[in-house]
Amino acid sequence: MGMTMTQKIIAAHCGRSSVEAGEFVEIDLDMVLGNDITTPIAIREFEKMGAKKVYDQNKISIVLDHFTPNKDIKSAEQCKESRIFAKKHQIKHFYDVGQMGVEHALLPEKGIVAAGDTIIGADSHTCTYGALGAFSTGVGSTDMAAGMARGKFWLRVPGAIKVKLTGKPSKYVCGKDVILHLIGKIGVDGGLYKSLEFTGEGLNHLSMDDRFTIANMVVEAGAKNGIFPIDEKTLQYMTGRVDRAWVVYEADQDAVYEEEIEINLTTLRPTIAFPHLPENTRSIDDAGDVEIHQVVIGSCTNGRIEDMRAAAEILKGRKVSLDVRTIIIPATQEIYMQCIKEGLAEIFIEAGAVLSTPTCGPCLGGHMGIMAAGERTVATTNRNFVGRMGHVESEVYLASPSVAAASAITGKITNPETL
Amino acid sequence: MIVEGKVFKYGDSIDTDVIIPARYLNTSDPKELARYCMEDIDAAFAKRVEKGDIIVAGNNFGCGSSREHAPIAIKASGISCVIAKSYARIFYRNAFNIGLPILECAEAVDRIDEGEQLQVDFETGEIHNLTKNEKYKAQPFPEFIQKIINFGGLVEYVKHSLE
C-alpha cells in the first residue's frame with residue numbers, strides 16, 4: 001500500500017520499509033527544540049529520568065524567545081535555568097537575546113532544520129517546518145526531555161488529509177488566508193491526529209514565507225503535522241542555509257488519504273478569524289464594522305520579511321490611526337536588519353507604529369501589547385482564544401499583514417483593496 | 001484504582017490558554033499554577049475544586065499551546081481525572097506523560113451534568129454516575145500507551161531504557 005510523504009519520513013526514521021496509519025512506532029530524531037517557557041520543565045524531567053548527558057548536543061535547539069527580553073524576575077529565572085543547562089551540555093543551537101528570534105522563524109533561517117528531517121519541539125507551532133518537507137510536530141516538556149535523553153520519540157502513525165491548492169491568488173491574498181480558510185472549513189479539530197499534506201499547482205504561487213505560515217497553523221486544525229512537497233523554491237531556500245545533506249521524500253502515487261479538500265486560490269478572499277476560535281472565519285467582505293484599538297504584526301506565523309514588506313506597502317506614506325497602538329515585531333534579528341536595509345523600519349516609524357526587537361511577547365499575552373477589558377486587536381498571530389492577548393474580555397481577530405496594516409490606518413477591520 | 005468526586009462540566013475545544021493563561025507561565029510550580037487553573041473560563045474553579053473531583057468536557061479538550069503547565073495545573077488542583085469526547089493530541093500525550101488520568105467516553109459526556117457525583121475505575125474504564133445511578137464504559141487505551149502507563153509514565157519508561 002502506498003505511503004503519504006509523512007509516512008515515508010516516519011518509516012525511514014524507524015528503520016522500516018513501510019508503516020501504516022494507526023501503528024505505534026518509535027522514530028529517531030534529527031532535532032529537539034525548546035523555548036524559555038517549556039525548557040525549564042524539560043530540564044527537571046530530564047534529570048528525573050536519570051539522564052547524565054544529551055543524546056547529541058548538535059541536535060538540540062534552545063531558543064529564549066517567549067518572555068524575552070525578560071519581562072519580570074520569574075521569567076528571568078526561567079531563562080537563567082535554560083542558559084545554565086545549555087552551557088553545561090554545550091548545546092550547539094542555543095539562542096539568547098541578541099541572537100535569538102522567534103523560534104519557528106529562526107530555525108529555518110539558520111538552516112538548522114531541513115527537508116526529510118524529523119523534528120519535535122516543546123512548542124505547538126513546531127509544525128512550521130513541514131513547509132520544508134520535514135516531519136515536525138509540537139510536544140510537551142516531558143517529551144522534549146525524553147527526546148534530549150534518547151533522541152527518540154513515540155508516535156501513532158498519522159493518516160492524512162490531502163489539501164489540493166489550485167488557481168492563483170489575487171494581490172492581497174496570502175498564505176494566512178489559505179490556512180484561515182482551511183481551518184474555517186474543517187474546524188479546530190478537523191485534522192485531529194492527522195497530517196495535512198498540501199499539493200496542487202497552486203503551490204507555484206505560494207512563496208516559502210507563505211508556506212511557513214500555512215504549515216505553522218495546521219495545529220489550529222488539530223493536525224499532528226502539515227507538509228509540503230519539495231520544489232525549486234524549497235531547494236533555493238535551503239541552499240546556502242543548510243550545510244548538510246537533506247533527503248527529499250515524495251508521497252507515493254497510490255498513497256491513501258482519508259479525505260481530499262480543494263481550495264481555489266483564485267476565488268479565495270482575505271480572511272479573518274473572529275473571536276474566540278481560529279475556525280470562526282469570515283471573508284473580509286463579511287467582516288462588518290469592527291472598531292479596533294491595537295494591531296500586532298509579527299509572530300512565528302507572520303513575522304517574516306515578506307510579512308514586513310506587505311505591511312510596509314500599505315503603511316508607506318500613510319499614518320496609523322491615533323486610536324490604534326500598532327506594534328510591529330520582525331521575528332528574527334536578520335529580518336529586523338533587513339527591515340532597516342530596505343527602508344521598512346523608517347516606513348513603520350514614520351507611520352506611527354512601534355518596531356520591536358524579536359519576541360513572542362503579545363501573541364500569547366506575555367508582554368509588549370497586552371489588552372485591557374473591552375479592547376480589540378487585529379493580529380497576524382495564530383490564536384484568538386479567550387484571554388489569549390490579555391484581559392478575559394478582550395478580543396483578538398486573526399488576519400494577514402496586509403489586512404492588519406490597513407486596519408491600523410482606519411481604526412477598524414479594513415480590506416486593503418479599499419484603501 | 002478507583003476515584004470519586006463531583007463534576008465540573010465544560011464544552012468543546014477547551015484550550016490550554018483558559019486552562020492556564022500564559023500570564024502565569026513565568027513559573028512551573030504546580031501549586032502556584034493550580035491557583036489559576038481554569039481562571040479565564042470558570043473564575044470560581046480554584047476555590048470550589050476538591051481532591052478527587054472530575055472534569056467532564058466535549059471534543060478537542062486541551063487544544064492550542066503545548067504547555068505542559070495545563071495538565072500539571074489540573075492535576076495539582078486536585079482533579080483526579082478528565083473525561084472528554086476527544087483530546088487535542090499534544091494535551092493527550094502530556095497527560096499520560098505527567099500522570100494525569102484521562103478517559104474518552106462520548107456517552108458519559110452526553111449524560112453527565114455539572115455537579116454530579118462520579119466514581120471512576122481506571123482498571124476497567126467504568127464510569128459510575130452515582131447521582132443518576134448510571135454506568136458508562138470508556139474507550140480502552142491503545143496497547144502502546146498502556147505500556148507507558150504500566151511503567152508509571154514517560155519518565156520511568158525512559159529511565160528504564162537508559163539503564
Side-chain angles (χ1 to χ4, degrees), chain A residues 22 24 37-38 40-42 44-45 48-52 66-67 71-78 121-126 137-146 149-150 152 154-156 187-189 192-193 219-220 222-224 276-277 279 364-366 370 383 385-388 390 392, chain B residues 12-19 21-30 32 39-41 43 58-72 85-99 142-145 147-148 153-163:
Chain A
F24 282 84
I37 305 292
T38 56
I41 296 181
R44 273 164 260 160
E45 298 305 303
K48 273 193 226 159
M49 286 166 183
K52 297 282 177 284
H66 273 57
F67 290 166
K71 74 186 186 98
D72 55 25
I73 295 166
K74 284 179 174 174
S75 306
E77 294 291 347
Q78 297 198 127
D123 186 283
S124 58
H125 293 109
T126 302
T137 193
V139 299
S141 297
T142 303
D143 275 321
M144 179 193 173
R150 295 178 66 228
K152 287 183 187 296
W154 69 264
L155 64 96
R156 183 160 68 178
V188 290
D189 60 354
L192 201 57
Y193 302 119
V219 65
E220 276 19 284
K224 179 169 283 182
H276 286 286
L277 278 178
E279 70 183 17
L364 75 161
I370 307 305
R383 290 189 177 129
F385 300 146
V386 169
R388 173 75 178 178
V392 63
Chain B
D12 289 336
S13 296
I14 298 301
D15 61 79
T16 55
D17 273 272
V18 297
I19 295 172
R23 57 185 175 274
Y24 304 121
L25 298 186
N26 54 7
T27 179
S28 53
D29 175 31
E32 209 180 328
E39 185 178 276
D40 282 359
I41 194 175
N59 281 310
N60 202 27
F61 185 85
C63 65
S65 159
S66 69
R67 62 191 69 161
E68 212 159 280
H69 311 66
I72 290 173
K85 287 188 181 178
S86 66
Y87 295 89
R89 54 162 290 277
I90 305 178
F91 185 91
Y92 186 85
R93 298 183 70 94
N94 287 351
F96 286 113
N97 287 345
I98 68 139
E143 200 183 316
F144 183 88
I145 291 181
K147 192 171 115 188
I148 290 180
L154 190 65
V155 169
E156 291 304 316
Y157 174 75
V158 172
K159 201 184 226 176
H160 178 83
S161 66
L162 286 176
E163 275 163 8

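Every chain is numbered from 1, with letters handed out A, B, ... down the list of sequences. All of these numbers come straight from a predicted model, not from anything done at the bench.
- Among the candidates B/Ile148, B/Leu162, B/Leu25, the residue making the largest number of heavy-atom pairs closer than 4.5 Å to chain A is B/Leu25.
- Heavy-atom minimum distance, B/Asp40 versus A/Gly387: OD2-CA, 3.8 Å.
- A pairwise comparison of heavy atoms in A/Phe67 and B/Ala22 identifies CZ-O, 3.3 Å as the closest pair.
- Note on A/Ser141, A/Gly187, A/Gly50: by heavy-atom pairs under 4.5 Å with chain B, the leading option is A/Ser141.
- When A/Val386, A/Val139, A/Leu277, A/Asp123 are compared by the number of non-hydrogen pairs under 4.5 Å with chain B, A/Val139 comes out ahead.
- Here A/Ser124 contributes atom OG and B/Asp15 contributes atom CG; the two are 11.0 Å apart, rounded to the nearest 0.5 Å.
- No part of B/Ile41 comes within reach of chain A, as not one of its non-hydrogen atoms sits under 4.5 angstrom from that chain.
- The minimum heavy-atom distance linking A/Lys71 with B/Asn26 is given by the pair NZ-ND2, 4.5 Å.
- For the atom pair OG1 of B/Thr27 and NZ of A/Lys74, the computed distance is 5.5 Å after rounding to the nearest 0.5 Å.
- Side-chain contact between A/Ile37 and B/His69 is present, with at least one heavy-atom pair separated by less than 4.5 Å.
- Between chain B and the options A/Gly365, A/Gly138, A/Gly390, the largest number of non-hydrogen pairs under 4.5 Å is found for A/Gly138.
- Only the side chain of A/Arg383 comes within contact range of chain B, with heavy atoms under 4.5 Å apart.
- Contact detail for B/Ser66 and A/Ala122: the closest heavy-atom pair is OG-C, 3.5 Å.
- Distance CZ/B/Phe144 to CG/A/Leu155: 8.5 Å, rounded to 0.5 Å.
- Taking B/Arg23, B/Glu143, B/Glu156 one by one and counting their heavy-atom pairs under 4.5 Å with chain A, the maximum is reached by B/Arg23.
- With chain B as partner, the option from A/Ile41, A/Asp143, A/Val219, A/Leu364 having the largest number of non-hydrogen pairs under 4.5 angstrom is A/Asp143.
- Scanning all heavy atoms of the two residues, the minimum distance from B/Arg89 to A/Gly222 falls at CG-O, 4.1 Å.
- Neither the backbone nor the side chain of A/Ile370 comes within contact range of chain B, judged by heavy atoms closer than 4.5 Å.
- Partners of B/Ala70 under the side-chain contact (heavy atoms from CB on, under 4.5 Å) rule, at least two apart in sequence or in another chain, are B/Thr16, B/Ile19, B/Ile20, B/Arg67, B/Phe91.
- Not counting sequence neighbours, the partners of A/Thr142 by the side-chain contact (heavy atoms from CB on, under 4.5 Å) test are A/Glu45, A/Met49, B/Glu68, B/Asn97, B/Ile98, B/Leu154, B/Val155.
- The two atoms that bring A/Val188 and B/Asn60 nearest to each other are O-ND2, 3.3 Å, heavy atoms only.
- Neither the backbone nor the side chain of A/Ala76 comes within less than 4.5 Å of any heavy atom of chain B.
- For chain A, the option among B/Asn59, B/Ile145, B/Val18, B/Asp12 with the highest count of heavy-atom pairs below 4.5 Å is B/Ile145.
- In this structure, the portion of A/Leu192 lying under 4.5 Å from any heavy atom of chain B is its side chain and not its backbone.
- Counting heavy-atom pairs closer than 4.5 Å to chain B, the top residue among A/Lys224, A/Lys48, A/Glu77 is A/Lys224.
- Taking the side chain as every heavy atom from C-beta outward, B/Arg93 and A/Trp154 approach each other to under 4.5 Å.
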Given side chain to side chain contact (heavy atoms under 4.5 Å, CB included), test A/Phe385 with B/Ser13 step by step and report yes or no. CA-CA 10 Å; A/Phe385 300 146; B/Ser13 296; over 6 Å; no
Trace of the side chain to side chain contact (heavy atoms under 4.5 Å, CB included) decision for B/Ser28 with A/Arg44: CA-CA 10 Å; B/Ser28 53; A/Arg44 273 164 260 160; 2.8 Å; yes
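- Using a 4.5 Å cut-off between heavy atoms, B/Asn94 touches chain A through its side chain atoms alone.
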